[in-house]
Amino acid sequence: MTREPRFGALAADARWQAAWEAANSFATGDSADAEGEGRPKAYILEMFPYPSGRIHMGHVRNYAMGDVLARFKRMTGHDVLHPMGWDAFGMPAENAAMEKGVHPGGWTRDNIASMRAQLKRLGLAIDWSRELATCEPDYYGQEQALFLDLFAAGLVTRKHSYVNWDPVDMTVLANEQVIDGRGWRSGALVEKKKLSQWFLKITDFADELLEGLQALDKWPDKVRLMQENWIGKSQGLEFSFRLAGGAPGFDVFTTRPDTLYGASFAAISPDHPLAESLARDAPELAAFIEECRRQGTAAEQIDTAEKMGFDTGLSVEHPLDPDWHLPVWVVNYVLMDYGTGAIFGCPAHDQRDLDFARKYELPVHRVIADGEETGQHFTGDEAWTGPGRLVNSHFLDGMSIDEAKAAVIARAEHEGWGKGTTVWRLRDWGVSRQRYWGTPIPFIHCDACGLVPVPKSQLPVVLPEDADFSVPGNPLDRHPTWKHVACPSCGGEAVRETDTLDTFVDSSWYFLRFASAPSDKPFDPEVIRRWLPVDQYIGGIEHAILHLLYARFWTRALNKLGMIDIEEPFASLFTQGMVTHETYSREQGEGLPPLYFTPDEVARTADGATLESDGAPVDVGRVVKMSKSKKNVVDPDAILDQYGADAARWFMLSDSPPERDLPWSEAGIEGAWRFVQRLWRIFGDTEKTGDGAEDKGLARKLHQTIAGVAADIESLGFNKAVAKIHALANDIEKAPPSATRAEACRTLILLVAPMLPHLAEEAWAALPEGQRTTAMIADAAWPAADPAMLVDDEVTIAIQMAGKLRDTMTAAKGADRAALEAAALARPRIAELLGGKAPKKVIVVPDRLVNIVP
RNA sequence: GCGGACGUGGCGAAAUCGGUAUACGCAGCAGACUUAAAAUCUGCCGUCCUCGUGACAUGCGGGUUCAAGUCCCGCCGUCCGCACCA
C-alpha cells in the first residue's frame, strides 16, 4: 500500500468499517464457545438511545467513551460484550402519528435505520448481531412473560390512585408533562382523577435497594445519594388519636415523638378520608378542600404557598394526657400520600407548624432547650430544630432527643396506643399508560372469572397494526376488535387490558437480553451468569434515579424469583457530562424572547461573532447544553462529513474530564483534525532508525506513556490519556532518528487505536512488511510496558528554604536522606542564603525534595 | 428550605499519597518557509516590578504543618438533586 502524505479520513472510515464488518471483528461468542474460555469477560454498555430520528453530539460522546473502553479491553485480552439497541417505545412516536398521520411503528423503524447508519459511521466496535428494539414482539413478548412471572410472585398489583388526567387528550400525564396546571400538549386544565392502575411493588424492596447502595462503591457518590434521598427512609412513631370522648380518631406518623408535649394541634390532609366525610355536611370545608386541590405542586408554587387551615371543630385526646384536648384542623401542607396523611403539630420545633400556628394564633410551647432558653413560652418566628435537652415534658425532662424518642416509643408500645415504625418516601411504581405505543399488559378482564393472566402459550400479545390516531385517547381502547377476546379461563366473552407498560419497564432488563436472547424465553440463566453484571455502564446523569432504580429493582425481583444470581445489574457506573455550545442571539426588544442563530449562521472571531447574512454583530451568550430551542446544536453528520470519525471521537475525549460538560467549538474540532494529520505523519517514520542506536530517554517516555494511557483508559480519564499521547508525540518529533524513535512511532499507532480506530488501521496497514503482528489492528494486543523503564534513574530534587523553592539539583534515584541533605547544603546558593549559620531543621523526602528551615 | 458538587491563566484543564502549581490542548503574539495564502515548523504566552535562581498568585478570610490547590473552620459565588416528606 503506497502511503499518502495526508490521512484521507472519509475513505478510511468507509474502508475499515466495511473491513470490520466483513471480518465480523466485534462479534461476541456465547459462553459455550471455546473462544471465550480462559479470558476474563468485560461487559461494556452505554445506555441505549431513544430513536428520535437523528443522533446528537451527546450520543457521540457517550458511545465514543464506551467504544474506547471496549476496544481497549479487547486489546488487553478480554472477552468483550459491547452491544447496541433501541429504547423504541414511547410517546414521541405516538405524537408523530397524531401530527403527521404516520404509523408509530413505521416512524420508529425509519428512525432506527437512519440512526443505526449514523452510529456505524462512528466506527463503533459493536456486536451488531445482538441489536434489539424494545418495540418488536420478540422483545416485548418476553417482557410480558416476565411481567406474568412477577405477577405470580405477588409483585404486581392493581390499585386506585390519583393521576393527572388531560381531559382533551384523554390520557394520563406524567408530572413532568403538567406545566402550570395544564397539559403540555393540549393546554387543558389538568384534573386529578382516580383510576385503577397497575403497580410494581418496588416498595417491597425499599430496604434492600437502600442497603444495596452501600456495596456499589464504583458508582458516583452523587447518584447513590440521590437514590438514597429518593427512597427516603424515616423512622419514628405511628400512633392513634382518639377523638375527645373516646371515639376512634385517626393515625398520625411523626419522626419527632420526643416533642409530643409540645403539641398544640392535630392536622389532617385535605385528601384525608376524615376530611372528605366531614365535608359532606360542611359546604365551607368542601370549598376549602376544593381550593387546596387547585394549588399546584410545582416547586415555585410550594415556595410561595401560604399555610392555610380549616378548623373542623373536632378535638382529639393527647395520648399522654387524655384530659388535654387538641383541635383538629384540615391543612394544606399535609400530604395524603406520605405517612398517614395526618400529623400532630409542634410549632416550637417545626418551621411549617410554627408558620401555621402564628397565622392562626395557636399556642407555641418549647419542649427542647435552646442552650439557656428553657421557658415554655416560645417567641419568634424561627422554630428550634437543633439539639438540646427535653424541658417542660414531664417524665422526659432532662433526656436527650434520642433518649426521649426511645422513651415515648417504648411507652406507646407498652400502653398499646402506638408503635415504632419506618416510613418510606418511595412509592410503588405505577406502570400503566393509556397509550398505544408500548408493551401491552398481558391480562384479560372477564366478568365471570375476574382478572385473568394471558397464558404464556398465547404470548406475545401483539399490538394491532391498524390503530386509529386521528382522535385523542387510547387507540387500543377504541380499536374495534383488538380487545375483544375469549376468556382463557372460561371461554366466555372478555376484554383485554388496554393499558400498556411504562417504557421504563422496557429499559429495566434490556441488558440481560443483550447477553442472552433465546426465542423461547427471556434469557438463558447460564449465559447471564457468565456476562452479568455489566462491568461498566455509561450514560447521562438524567437517569440517576428512575431508570437506574427501576433496573436495580427489576434485577432484585428476578433474583428473588430465582431466575438470576446477581442482585445488582451494574457493577460500575459512569455518568458523563453534556455537550454544550455557545449561544448566539439578538434582543428583539421589550417583552420578546431573544432571537437565536445557529452556529452555521454565525462567523466567530477572537472577540465576538457576526451574523454572516448581514455582517452585524450578534450577542455571544452562555455555554449551555445543545438544544433546539437555543439553536446551538451541531449536527454529527456534518462533522463526520468534514473531519471524519476519528477527529470527532478525539475531540469528544480531549480536554474536558468525561464527567464534566464539554464545550463544543469549531476551533476544538479543527485542532483534533490537525492532530490526527500530525499523527499520520509521525506514523510514517517507522523506518527512520538513524544509526540504529537506542534513545534511553525516549524509551522511558514511551513506556511511561504505555502504562499511563492504559491506567487512564481503565479509569475513564480520557482527557488525561489524550494529554499523555500529545506529550509523547511532541517528544518523538523532537527526538533525532534512532531505533527507539522508530519503535515509538510504531507503538504510538497501538496507543491511539482505541480512540482513533480508522487512523490506526490505516497506519497499521501501511506499515512495512514484517512490522505487523496481526492483519488488522482491531485484533492486535496492547503493547507491554517494561517495568524497568517506568522509573527514571535520575530525579530532580527540589531544594526549599522554609517551604519556598530556592534551588534544584539532580540526584540518583533512591539516594538516601543523608546524602541528599549533604548535597543540598553543599549547593553554593543554599550556603549563601544560610549565611554560614547551621540550619535549624532539615526535612528530606527521598526522590522529591529537601526542605531547609533556617 | 434540605442535601450535594464545584471554584486553578483569555478559554478547556493537569497536579494519582500534604512535597518543584499551571503538564497537555485551544485562542493569541512573534518569526521561518512561500510571489501570496493555506498547511507545516520554531519561539513566547499567570500578575507585578527594581527584570532576578525577584515578589505575589489556585474564589475570599482564618487555622494546622517544615511544607496546603490538596486537610480543618467561617464566608462568597456557580451548578445540580429533592422538596409543605411530618
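The sequence lines fix the lettering, A, B, ..., with proteins before strands; numbering per chain opens at 1.
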Practice prompt. Find the distance Arg681(A):CZ to rC41(B):P and express it as a whole number of Å.
Written response: 5 Å

Discussion item. Any salt bridge linking Arg829(A) with Asp807(A)? Criterion: basic side-chain nitrogen under 4.0 Å from a carboxylate oxygen.
Written reply: no

Worksheet item: What distance, rounded to whole Å, do you find between the two P atoms, one in rG63(B) and one in rU58(B)?
Response: 15 Å

Worksheet, complete the sentence: Sorted by chain and residue number, the side-chain contact (heavy atoms from CB on, under 4.5 Å) partners of Ala723(A) (sequence neighbours excluded) come out as none

Practice prompt. Take atom CD1 of Ile541(A) and atom P of rA5(B), then tell me their distance rounded to the nearest Å.
Written response: 13 Å

Worksheet entry | Pairwise C1' distance, rA36(B) and rG43(B) [rounded to whole Å] | 24 Å

Discussion item. Regarding Asp221(A), tell me which of base, sugar-phosphate or nothing describes its non-hydrogen contacts under 4.0 Å with the strands shown.
Written reply: nothing

Fill in: Neighbour count above 12 (heavy atom, 6.0 Å) for Arg848(A) CZ
no

Worksheet, complete the sentence: When both distances are under 3.5 Å in a Watson-Crick or G-U wobble arrangement, the nucleotide paired with rC71(B) is rG63(B)

Fill in: Complementary nucleotide of rU34(B), counting Watson-Crick and G-U pairs under 3.5 Å
none

Discussion item. Using atom P in both nucleotides, what's the gap between rG61(B) and rA38(B) to the nearest angstrom?
Written reply: 46 Å

Fill in: Selected nucleotide, minimal atom distance to Leu805(A) side chain, candidates rC82(B), rU20(B), rG12(B)
rU20(B)

Worksheet item: Can you check whether Arg660(A) has a side-chain N or O nearer than 4.0 Å to OP1 or OP2 of rA5(B)?
Response: no

Worksheet entry | Phe7(A): which of Tyr643(A), Trp673(A), Trp680(A) passes ring pair (Phe, Tyr, Trp, His ring centres under 6.0 Å) | Trp680(A)

Fill in: Nucleotide rC24(B), atom C1' - distance to CZ of Arg674(A) in whole Å
15 Å

Fill in: Gap between atoms CG and C1', on Asp807(A) and rU53(B) respectively (whole Å)
7 Å

Item to complete: Evaluate the ring planes of Tyr360(A) and Phe356(A), with Trp represented by its six-membered ring, and classify them as parallel (under 30°), tilted (30 to 60°) or perpendicular (over 60°).
Response: tilted

Fill in: Rounded distance (Å) that lies between atom P of rG43(B) and atom CD of Glu733(A)
11 Å

Worksheet entry | Where the chi angle of rG9(B) falls, syn if within 90° of 0 and anti if not | syn

Worksheet item: Taking for each residue the nucleotide of RNA chain B with the nearest heavy atom, is it Asn851(A) or Lys222(A) whose nucleotide lies nearer the 5' end?
Response: Asn851(A)

Worksheet item: When you compare rA21(B) with rG69(B), how far apart are their C1' atoms, in angstrom units rounded to a whole number?
Response: 8 Å

Discussion item. Is there a side-chain contact between Arg848(A) and the phosphate of rA67(B), meaning an N or O under 4.0 Å from OP1 or OP2?
Written reply: no

Worksheet item: Expressed in whole Å, how much space separates the C1' atoms belonging to rU70(B) and rU64(B)?
Response: 14 Å

Worksheet item: What nucleic acid atoms does Asp355(A) come within less than 4.0 Å of, heavy atoms only: base, sugar-phosphate, or nothing?
Response: nothing

Worksheet entry | Partner nucleotide of rG18(B) by Watson-Crick or wobble geometry (both distances under 3.5 Å) | none

Practice prompt. Describe the nucleic acid contact of Arg427(A) in one word from base, sugar-phosphate, nothing, applying a heavy-atom distance below 4.0 Å.
Written response: base

Worksheet item: At under 4.0 Å between heavy atoms, what does Val334(A) touch on the DNA or RNA strands: base, sugar-phosphate, or nothing?
Response: base

Item to complete: Test for a donor-acceptor pair under 3.5 Å between the base of rC24(B) and the side chain of Lys720(A), counting only N and O atoms.
Response: no

Practice prompt. Measure the distance from CH2 on Trp673(A) to P on rU40(B) and round it to the nearest whole Å.
Written response: 8 Å

Practice prompt. Could you measure between the two C1' atoms, the one in rC29(B) and the one in rG10(B), and give it in whole Å?
Written response: 13 Å

Discussion item. Tell me which nucleotide, if any, is Watson-Crick or G-U wobble paired with rA23(B) when both distances must be under 3.5 Å.
Written reply: none

Discussion item. Taking the basic N atoms (NZ, or NE/NH1/NH2) and the acidic carboxylate oxygens, is any pair closer than 4.0 Å for Asp207(A) and Lys233(A)?
Written reply: yes

Worksheet entry | Short side-chain N/O contact to rA86(B) OP1/OP2 from Ser234(A), under 4.0 Å | yes

Worksheet item: So, Asp381(A) and Arg358(A), do they make that salt bridge, N to O below 4.0 Å?
Response: yes

Worksheet item: Considering only side-chain heavy atoms of Asn719(A), which listed nucleotide, rC84(B), rA14(B), rU16(B), is closest?
Response: rA14(B)

Fill in: Separation of the C1' atoms in rU50(B) and rC6(B), to the nearest angstrom
40 Å

Item to complete: May I ask you to decide whether Asp355(A) forms a salt bridge with Arg352(A), counting only side-chain N to carboxylate O separations under 4.0 Å?
Response: no

Discussion item. Return the pairing partner of rG28(B) with a 3.5 Å limit on both distances, Watson-Crick or G-U wobble; otherwise return none.
Written reply: rC44(B)

Worksheet item: Is Val853(A) touching bases, backbone alone, or none of the nucleic acid, heavy atoms closer than 4.0 Å?
Response: sugar-phosphate

Worksheet item: Does rG1(B) pair with anything, Watson-Crick or G-U wobble, both distances under 3.5 Å, and if so, with which nucleotide?
Response: rC82(B)

Worksheet item: Touch check for Ile843(A), heavy atoms < 4.0 angstrom, all strands: base, sugar-phosphate only, or nothing?
Response: base

Item to complete: Report yes or no: does Lys630(A) contribute a side-chain atom to a donor-acceptor pair with the main-chain N or O of Val624(A) at less than 3.5 Å?
Response: no

Worksheet entry | Nearest-nucleotide comparison on RNA chain B, the residue closer to the 5′ end among Arg678(A) and Asn229(A) | Asn229(A)

Item to complete: For Ser654(A), report the nucleic acid contact type (base, sugar-phosphate, nothing); a contact means any heavy atom under 4.0 Å.
Response: nothing

Discussion item. Output the rounded distance in Å from CD (Gln800(A)) to C1' (rG18(B)).
Written reply: 12 Å

Worksheet item: Rounded to whole angstroms, how far apart are CG on Asp655(A) and C1' on rA23(B)?
Response: 13 Å

Worksheet item: Mind telling me whether rC17(B) is syn or anti, cutoff 90° either side of 0?
Response: syn

Worksheet item: Within the structure, does a side-chain N or O atom of Arg224(A) lie under 4.0 Å from either OP1 or OP2 of rG3(B)?
Response: no

Discussion item. Can you tell me if Arg806(A) touches the phosphate of rA55(B), counting only side-chain N or O atoms and a distance under 4.0 Å to OP1 or OP2?
Written reply: yes

Fill in: C1' spacing across the pair rC2(B) / rG18(B), given as an integer number of angstrom
33 Å

